[in-house]
Amino acid sequence: MTFQAPKGTFDWLPPRSEQVLAVREALVAPVRLAGYGYVETPVFEDTQLFARGVGESTDIVSKEMYTFPDKAGRSLTLRPEGTASVVRAVLQHNLQAGQLPVKLWYSGSQFRYENVQKGRYRHFWQVGAEALGTEDPALDTELIVLAARGFAALGLRNVRLLLNSLGDKTCRPVYRAALQDFLRGLDLDDDTRARIEINPLRVLDDKRPEVQAQLTGAPLIVDHLCEGCKAYHEEVRSLLTASGIAFEDDPKLVRGLDYYTRTTFEFVHGGLGSQSAIGGGGRYDGLSEMLGGPPLPSVGWALGVDRTFLAMEAEGLLPETAPGRVQVYGVALGDDARRRMFHLVAELRGAGVSADMAFGGKGLKGAMKGADRSGARFALILGERDLAAGAAQVKDLTTAEQTEVPLAQVVDVLKGKVQ
RNA sequence: GUGGGUGUAGCUCAGUUGGCAGAGCGCCAGGUUGUGGUCCUGGAUGUCGAGGGUUCAAGUCCCUUCACUCACCCCA
């Protein structure tokens, strides 16, 4: 072994790779049903997009970005999240000039230079959905319902939904000041004291018991919401309830990105080691302006594909046995038969029947082993004797029953059998 | 950045007070010169993570180092 995947990255191999593909598709399906359109943005962007969009004070920007200069000296960064890119694309192409909201979904790799542990890798995958340009609690709720539907479709039962409101530009600063006053009076380490000045809400998220113990009397945002935010939040809550989506109010739910306002939520699961979130999102009414655009109140989420996969593994939802790779497997004996088989297999594929064959000049026994391991229901056997007779043997590998079929009918017969 | 754990066959792992490098699964071949999955027989696969030291002798003891992994911090 001379090379291995870089630290914090890993390969998806069959059959898990097929399963994770299915996970991704299941998470995305509800969004597509709701009229969200697919957007694909570059894997790297101008570093400043993330610095301004995600926020200079966040850990993501201050120490977790994969930043590099290109040959012309531009500073580029591998995307650490998807929302900033989507907003950039919307603004660049003036999509907000059309009908609102602009509904988009995406799926792809994200990168953060973090210390590695279970459920946290330097290369990870998210699917995301964003609804831009409209302020409507029904839109926040729609997105939450769609995410919940995706998790439910995968069979996940132990997903919890945490919900909070972070207020807006009217009430958030007032609360922030009140919280800072409270936190400054606590006995905290230097790093945490520094965080009070930069991003005080994050302190609420501290997991250490000695910190949490001191936070019991902390002022909570729910008690400081302005009338507008309070009404908005209540509407989201009642729509969620009416939709039959269970959630827990979590007044200390804060997320790692600066741009969130009002509705914030997180889907958590216990099967990820010390990580917990399998998805999350919220409203980001000020992000467009932070990026130099017009006011564009928006809401969105991102769901962790690899984390969802871990959650499914923890719940025992991944099948033990791999599904068959193909339906028919060709076994040929002799050079002439091999050439004929090569074309028969191509014809089968052309007819919509998945097919593979033994390559590499294996003997009959080895080729039949290949047929067995492929998971194929039928082996298509062609030897010199069969070729001379203008026929092939079709063997049902589940019953060992074998019948002779004229070569001209092989494709039709197999097509009929696999349906 | 900090701490714990683990590195032996493709995979999962044994390996005793230092004394011939092992098992199961997988892989290959044969039993069956045209038939898989079960069964039987045989076979191949190793820088014991790397480097150094102690010793007649090191997978085993000592030092250094690297990787992986889990956790802290932090985060989806």
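Note: hydrogens, waters and symmetry copies are ignored here, and every other heavy atom, side chains too, is used. Chain letters run A, B, ... following the sequence lines, proteins first, then strands; residues in each count from 1.
- Among the nucleotides B/C75, B/G34, B/A76, the one closest to the side chain of A/Gln126 is B/A76.
- The interatomic distance linking A/Phe10 (CZ) with B/C70 (C1') rounds to 16 Å, in whole Å.
- Rounded to whole Å, atom P of B/C75 lies 17 Å from atom CZ of A/Arg122.
- Atom CG of residue A/Leu49 and atom OG of residue A/Ser85 lie 5.5 Å apart, to the nearest 0.5 angstrom.
- Looking at A/Arg202, its side chain has no donor and acceptor atom pair within 3.5 Å of the base of B/C74.
- Judged as a side chain to side chain donor-acceptor pair (under 3.5 Å), and not counting sequence neighbours, A/Arg176 has no contacts.
- With the nearest nucleotide of RNA chain B identified for both A/Thr9 and A/Asp306, A/Thr9 has the one nearer the 5' end.
- Nucleotides B/C70 and B/G31 place their C1' atoms 49 Å apart, quoted to the nearest Å.
- Residues satisfying the salt bridge (Lys or Arg N to Asp or Glu O under 4.0 Å) criterion with A/Arg193, sequence neighbours excluded, are absent altogether.
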Donor-acceptor contacts under 3.5 Å from residues 370-392 of chain A side chains, at least two apart:
residue, atom, partner, partner atom, Å
A/Ser374, OG, A/Ala371, O, 2.7
A/Ser374, OG, A/Ala376, N, 3.1
A/Arg377, NE, A/Asp396, OD1, 3.2
A/Arg377, NE, A/Asp396, OD2, 3.3
A/Arg377, NE, A/Thr398, OG1, 3.2
A/Arg377, NH2, A/Asp396, OD2, 2.9
A/Asp386, OD1, A/Gln393, NE2, 2.8
A/Asp386, OD2, A/Gly383, N, 2.9

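- Between A/Glu64 atom CD and B/A76 atom C1' the separation is 11 Å, expressed in whole Å.
- Residue whose closest nucleotide on RNA chain B sits further toward the 5' end, between A/Gly383 and A/Ile278: A/Gly383.
- Nearest nucleotide to the A/Gln393 side chain, out of B/A76, B/G34, B/C73: B/G34.
- B/G15 and B/A23 are spaced 10 Å apart, taking the C1' atom of each and rounding to whole Å.
- Closest approach to the A/Met368 side chain among B/G36, B/C68, B/U69 is made by B/G36 (side chain taken as heavy atoms from C-beta onward).
- OP1 or OP2 of B/C70 has not a single side-chain nitrogen or oxygen of A/Ser274 nearer than 4.0 Å.
- A centroid separation of 6.0 Å or more is found between the aromatic rings of A/Tyr106 and A/Tyr38.
- Taking only side-chain atoms of A/Arg307, from C-beta outward, the nucleotide of B/G34, B/A76, B/G36 with the closest atom is B/A76.
- The nucleotide whose nearest atom lies closest to any side-chain atom of A/Ile381 is, among B/G34, B/A76, B/C74, B/G34.
- Remark: A/Lys369 is in phosphate contact with B/G37, judged by side-chain N or O atoms under 4.0 Å from OP1 or OP2.
- Side chain of A/Asn115, nearest nucleotide from B/G1, B/U69, B/C68: B/G1.
- Taking atom CZ of A/Phe111 as the reference point, atom C1' of B/A76 lies 15 Å away to the nearest angstrom.
- Side-chain proximity of A/Glu114 to the nucleotides B/G30, B/C74, B/U69 is greatest for B/C74.
- Straight-line distance from the OH atom of A/Tyr113 to the C1' atom of B/A76: 20 Å, rounded to whole Å.
- For a distance-only test at 3.5 Å, the side chain of A/Lys395 qualifies as a donor-acceptor partner of the base of B/U35.
- Counted within 6.0 Å of CZ on A/Arg338, heavy atoms from surrounding residues, nucleotides or ligands total more than 12; the atom is thus considered enclosed.
- How far CG of A/Asp11 is from CD of A/Gln4: 10.5 Å, rounded to the nearest 0.5 Å.
- A close approach under 4.0 Å does occur between a side-chain nitrogen or oxygen of A/Arg373 and OP1 or OP2 of B/C27.
- Atom P of B/A9 sits at a distance of 14 Å from the matching atom of B/G22, rounded to the whole Å.
- A gap of 15 Å separates the P atoms of B/U60 and B/U6, to the nearest Å.
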Indicate for each nucleotide in nucleotides 5-13 of chain B, in 5' to 3' sequence, whether protein heavy atoms under 4.0 Å reach the base (B), only the sugar-phosphate (S), or nothing (-). ---------
Which atom pairs, one a donor and one an acceptor, fall under 3.5 Å between side chains of residues 298-309 of chain A and the rest of the protein, sequence neighbours left out?
residue, atom, partner, partner atom, Å
A/Ser298, OG, A/Gly133, N, 3.3
A/Ser298, OG, A/Leu296, O, 2.8
A/Trp301, NE1, A/Leu143, O, 2.7
A/Asp306, OD1, A/Trp125, N, 2.9
A/Arg307, NE, A/Gly119, O, 2.6
A/Arg307, NH1, A/Ala277, O, 2.9
A/Arg307, NH2, A/Gly119, O, 3.1
A/Arg307, NH2, A/Gln275, OE1, 3.1
A/Thr308, OG1, A/Gly304, O, 2.6

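- Put simply, the side chain of A/Asp372 and the base of B/G37 share no donor and acceptor less than 3.5 Å apart.
- At the phosphate of B/U69, neither OP1 nor OP2 sits under 4.0 Å from any side-chain N or O atom of A/Lys118.
- B/C28 and B/G37 have their P atoms separated by 11 Å, with the value rounded to a whole Å.
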Evaluate the side chain to side chain contact (heavy atoms under 4.5 Å, CB included) criterion for residues A/Asp285 and A/Asp168: first the C-alpha distance (whole Å), next the side-chain angles of each, then the deciding distance (0.1 Å), finally the verdict. CA-CA 8 Å; A/Asp285 292 340; A/Asp168 63 10; 5.8 Å; no
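- In this structure the side chain of A/Glu45 reaches within 4.5 angstrom of the side chain of A/Arg88, judged on heavy atoms.
- Within the model, atoms CG of A/Asp356 and CG of A/Leu348 stand 11.5 Å from one another, a figure rounded to the nearest 0.5 Å.
- For the P atom pair drawn from B/G36 and B/G51, the interatomic distance equals 46 Å after rounding to whole Å.
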Dot-bracket line, read 5' to 3' along RNA chain B, where crossing pairs take [ ] and | marks a partner on another strand, Watson-Crick or G-U under 3.5 Å: (((((((..((((.....[..)))).(((((.......))))).....(((((..]....))))))))))))....
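- Between A/Lys365 atom NZ and B/G42 atom C1' the separation is 13 Å, expressed in whole Å.
- Spacing of C1' atoms, B/U65 relative to B/G26, comes out at 33 Å, to the nearest Å.
- We find the NE2-CG distance between A/His93 and A/Leu95 to be 7.0 Å, quoted to the nearest 0.5 Å.
- Closest to the side chain of A/Gln117, out of B/C73, B/G34, B/C74, is B/C73.
- The phosphate of B/C74 has OP1 or OP2 within less than 4.0 Å of a side-chain N or O from A/Arg195.
- Between A/Lys7 and B/C68 there is a side-chain N or O to OP1 or OP2 distance below 4.0 Å.
- Here, B/U16 and B/U33 have their P atoms 47 Å apart, quoted to the whole Å.
- Look at CG on A/Leu387: it is 14 Å from C1' on B/G34, rounded to the nearest Å.
- The distance from atom CG of A/Leu253 to atom P of B/C75 is 12 Å, rounded to the nearest whole Å.
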